[in-house]
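Not measured: the values here are computed from a predicted model. A, B, ... follow the sequence lines: proteins, then strands. Residue 1 opens every chain.
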Protein chains: 2
Amino acid sequence: MGTTQLESVPEPKYWHLKTVISEALDSEFQVGEILPNERELAARFGVARATLRQALEQLELEGRLQRRRGVGTTVAPPRVGVDVSTAQHRWPGAGDASWQPLDCATTPPPAAVLRLLEADTEPGADAVGSVFAVRRLRATHGQAVAAEQLYVPAASVPGLVPADSPAGPALAHAVLHELQRLPLEGQDRAVELGSARADDARELDRLPGSPVLVVTTRYLSGGRTAAVSVATYRADTCRLTFGDVGDLGIAS
Amino acid sequence: MGTTQLESVPEPKYWHLKTVISEALDSEFQVGEILPNERELAARFGVARATLRQALEQLELEGRLQRRRGVGTTVAPPRVGVDVSTAQHRWPGAGDASWQPLDCATTPPPAAVLRLLEADTEPGADAVGSVFAVRRLRATHGQAVAAEQLYVPAASVPGLVPADSPAGPALAHAVLHELQRLPLEGQDRAVELGSARADDARELDRLPGSPVLVVTTRYLSGGRTAAVSVATYRADTCRLTFGDVGDLGIAS
DNA sequence: TAGTGGTCTAGACCACACT
DNA sequence: GTGTGGTCTAGACCACTAG
């Protein structure tokens with residue numbers, strides 16, 4: 001990486017800096033290679049450390065860099081494609097080895113989830129009081145890429161009585177198993193940008209507040225929302241794929 | 001006497017600040033309302049302006065706030081759902097009024113796009129030299145939500161000769177029209193986080209570098225990639241939806 | 001022209017990962 | 001202990017919008 005001083009330009013320094021570093025990454029660095037530390041980079045470019053950090057932050061947002069406290073800044077590998085298509089019409093936990101159930105508790109659902117669960121119930125129907133909240137982790141190539149909270153109303157798993165079910169991994173498996181008994185009629189998926197909650201951040205090995213892609217899924221059965229999944233994917237390392245090409249038998 | 005580990009891990013100030021402001025937004029503010037300016041908010045909370053800004057940045061990332069230079073910080077409306085499902089199997093420009101063609105030029109494709117265009121060609125086939133680059137804008141409720149660059153190799157629109165086609169809006173329409181003649185066999189879609197390029201930012205009324213959701217689509221015809229679309233959605237205001245519920249005739 | 005958010009500086013200290 | 005990135009401060013000036 002060169003040591004050229006920044007020319008005076010109308011565009012912000014951090015923006016120009018980002019471009020310069022980005023080009024250096026392409027031409028002079030290998031994946032996994034460690035960059036000079038922030039204080040040295042700032043001095044080399046003749047800017048304050050905060051300005052240099054603004055450029056690094058953007059490059060990390062774009063998946064070009066990875067920064068770890070106490071270690072350093074490294075060149076990130078290309079993002080991994082993670083399939084999140086709804087083509088297969090399967091319940092969560094049905095034959096997808098990348099998902100690992102961790103735990104389950106019974107809890108009142110958050111307001112946003114409650115809205116999805118009750119959106120299609122008739123007025124006067126029983127309110128959704130408490131739900132099974134299954135916690136799952138998704139890993140690919142040994143790396144955790146997503147943490148999920150799956151909300152299942154008791155009505156969707158009539159074989160399980162909340163009061164009789166001690167929270168824990170065993171309950172998580174039981175809930176997923178019971179779900180398979182319902183006919184799955186459709187799914188509804190949305191993706192948006194969010195920032196990692198403290199618990200998700202811990203399981204994804206990120207700092208709280210890191211940018212994440214939040215995938216919300218409604219599972220439909222019997223004309224109702226039988227379950228709601230809120231999955232949090234690492235935005236720095238993941239590319240979410242929705243290929244439907246496989247349906248048509250065309251090799252990719 | 002060992003040093004007993006006191007569990008009080010100091011939460012970063014900006015994180016706590018974010019929580020406090022977030023709760024205030026829920027209880028004390030209406031959508032569209034203007035917050036006190038940053039200098040006053042910082043003074044009110046007893047922190048430096050930079051720290052206050054770190055909290056506001058996260059809230060803007062989550063779509064809770066909207067900040068405009070020279071104007072102020074306002075409470076953002078809920079994100080709008082934008083359908084990006086591939087269920088309809090249609091070419092771009094076929095009967096979707098939300099997309100508006102703007103312009104078209106002939107240009108060599110960027111390296112990343114070239115890789116997608118040539119991934120499935122046989123060795124020895126003609127290289128993709130130059131492509132039609134159609135620029136489109138997507139708007140909902142009068143608001144621009146996405147800017148797209150659609151790359152169409154000349155081989156996909158044999159009715160058009162690059163050398164004879166003056167760049168401009170008319171060419172954009174012509175390319176989209178010619179595309180319809182090909183049989184569409186499938187689509188391949190991916191979503192990832194990015195930051196807005198300068199030109200996208202201008203059309204989306206954002207600052208360069210703003211977080212965006214990048215949707216990359218491959219259109220397949222004749223076993224080949226007939227076109228590649230790179231669409232940049234505003235991450236602050238958009239929620240991308242992939243509903244396949246409509247396929248099954250279930251009302252949402 | 002006045003007021004806003006955006007950029008930038010030059011420091012300081014802290015939490016964490018290595019050795 | 002040493003070195004890294006993460007947080008925080010108290011200023012300054014700039015770019016933009018609106019009255």
Side-chain angles (χ1 to χ4, degrees), chain A residues 5-18 21 33-61 65-76 195-196 198 201-202 205-211 236, chain B residues 3 5-19 21 33-61 65-76 195-196 198 201-202 205-211 236:
Chain A
Q5 294 290 309
L6 299 176
E7 330 159 3
S8 70
V9 282
E11 72 187 351
K13 278 189 186 176
Y14 77 89
W15 185 261
H16 185 230
L17 210 47
K18 177 189 142 184
I21 297 175
E33 200 172 340
I34 193 163
L35 268 64
N37 71 55
E38 296 182 350
R39 289 162 180 86
E40 178 173 344
L41 279 179
R44 198 181 290 190
F45 287 112
V47 299
R49 189 176 156 220
T51 304
L52 184 269
R53 277 179 61 80
Q54 213 173 339
L56 295 186
E57 254 152 47
Q58 288 230 354
L59 289 169
E60 191 178 30
L61 197 78
L65 291 179
Q66 188 158 352
R67 299 191 288 173
R68 274 175 301 173
R69 168 155 46 179
V71 178
T73 301
T74 56
V75 181
S195 51
R202 186 168 6 91
D205 192 27
R206 301 288 318 172
L207 289 178
S210 306
D236 56 342
Chain B
T3 58
Q5 174 73 23
L6 299 183
E7 61 175 348
S8 68
V9 176
E11 197 177 40
K13 277 190 186 179
Y14 77 90
W15 185 261
H16 183 236
L17 212 46
K18 178 189 144 185
T19 308
I21 297 175
E33 200 173 339
I34 296 187
L35 269 64
N37 71 55
E38 295 183 350
R39 289 162 181 87
E40 178 174 341
L41 278 179
R44 195 181 290 189
F45 287 112
V47 299
R49 191 177 155 222
T51 304
L52 184 270
R53 278 178 60 80
Q54 213 173 339
L56 295 186
E57 254 151 47
Q58 288 230 352
L59 288 169
E60 191 178 31
L61 198 78
L65 291 178
Q66 188 157 354
R67 297 192 289 174
R68 273 175 303 172
R69 169 155 48 178
V71 179
T73 301
T74 56
V75 181
S195 51
R202 188 170 2 91
D205 191 28
R206 301 287 327 180
L207 288 176
S210 306
D236 56 342

Query raised in the report: Relative to the 5' end of DNA chain C, which residue comes earlier, A:Gly70 or B:Gly70, by the nucleotide with the nearest heavy atom?
Result: B:Gly70
Query - C:dC8 OP1/OP2 closer than 4.0 Å to side-chain N/O of A:Tyr14 - result: no
Query raised in the report: If only side-chain N and O atoms of A:Thr51 are considered, is one of them under 4.0 Å from the OP1 or OP2 phosphate oxygen of C:dT7?
Result: no
Requested in this report: State, yes or no, whether a side-chain contact exists between B:Thr51 and B:Phe45 at a heavy-atom distance under 4.5 Å.
Outcome: no
Query raised in the report: In whole angstrom, what separates B:Leu17's CG from D:dT7's C1'?
Result: 13 Å
Report task. Please tell me which of the listed nucleotides, D:dG6, D:dA18, C:dG6, lies nearest to the side chain of B:Val71? Result -> D:dA18
Query raised in the report: Which of these nucleotides, D:dG6, C:dG5, C:dT7, is closest to any side-chain atom of A:Arg53?
Result: D:dG6
Query - Heavy-atom pair of closest approach, residues A:Arg67 and A:Glu60 - result: N-OE2, 3.3 Å
Query raised in the report: For A:Pro36 and A:Arg44, which heavy atoms make the closest approach, and how far apart are they?
Result: CG-NH2, 3.8 Å
Query raised in the report: On DNA chain D, nearest-nucleotide positions of B:Arg68 versus B:Gln54: which is more 5'?
Result: B:Gln54
Requested in this report: Take B:Ala50 and B:Pro36, find for each the nucleotide of DNA chain C with the closest heavy atom, and name the residue whose nucleotide sits nearer the 5' end.
Outcome: B:Pro36
Report summary line: Rounded to whole Å, CD of B:Glu57 lies from C1' of D:dC8 at a distance of 14 Å
Query raised in the report: How long is the span from the CD atom in A:Glu40 to the CG atom in A:Leu35, to the nearest 0.5 Å?
Result: 10.0 Å
Query raised in the report: If you look at every heavy atom in A:Pro211 and A:Leu61, which pair is closest and at what distance?
Result: CG-CD1, 3.6 Å
Query - Polar side-chain contact B:Arg49-C:dG6 base: donor and acceptor under 3.5 Å - result: yes
Query - Residue B:Arg69, side-chain heavy atoms: nucleotide from D:dC8, C:dG6, C:dT7 that is nearest - result: C:dG6
Query raised in the report: Can you tell me how far P of C:dC13 sits from NZ of B:Lys13, to the nearest Å?
Result: 15 Å
Query - Whole-Å distance separating the CG atom of A:Asp205 from the C1' atom of C:dC16 - result: 12 Å
Report summary line: Quick note, A:Arg67 side chain, CB onward, closest among D:dG5, C:dC8, C:dT9 is D:dG5
Query raised in the report: Could you give the distance from OG1 (B:Thr73) to CZ (B:Arg68), rounded to the nearest 0.5 Å?
Result: 10.0 Å
Query raised in the report: How about B:Pro208 and A:Glu11: do any of their side-chain heavy atoms sit closer than 4.5 Å?
Result: no
Query - Per A:Pro12 side chain, nearest of listed nucleotides C:dC8, D:dC8, D:dG5 - result: C:dC8
**Report entry** Nucleotide C:dG3, atom P - distance to CD1 of B:Ile34 in whole Å
**Finding:** 15 Å
Query raised in the report: Counting only distance, no hydrogens or angles, is the base of D:dG5 paired donor-acceptor with the side chain of A:Arg39 under 3.5 Å?
Result: yes
Report summary line: To the nearest angstrom, the CG-P distance between B:Leu41 and C:dG3 comes to 17 Å
Query raised in the report: Side-chain N or O of A:Asn37 less than 4.0 angstrom from OP1 or OP2 on D:dT4?
Result: yes
Report task. Find the distance A:Phe45:CZ to C:dT9:P and express it as a whole number of Å. Result -> 13 Å
Query raised in the report: A:Glu38 has an atom CD; how far is it from atom C1' of D:dC8, in whole Å?
Result: 15 Å
Query raised in the report: Which listed nucleotide (C:dC8, D:dT9, D:dG5) is nearest to the side chain of A:Thr73?
Result: D:dG5
Query raised in the report: Are side-chain heavy atoms of A:Gln54 and A:Gln58 found at a separation under 4.5 Å?
Result: no
Report task. Estimate the overall bend of the helix from C:dT1-D:dA18 to C:dC18-D:dG1 from the end axes over five pairs each, rounded to 10 degrees. Result -> 10°
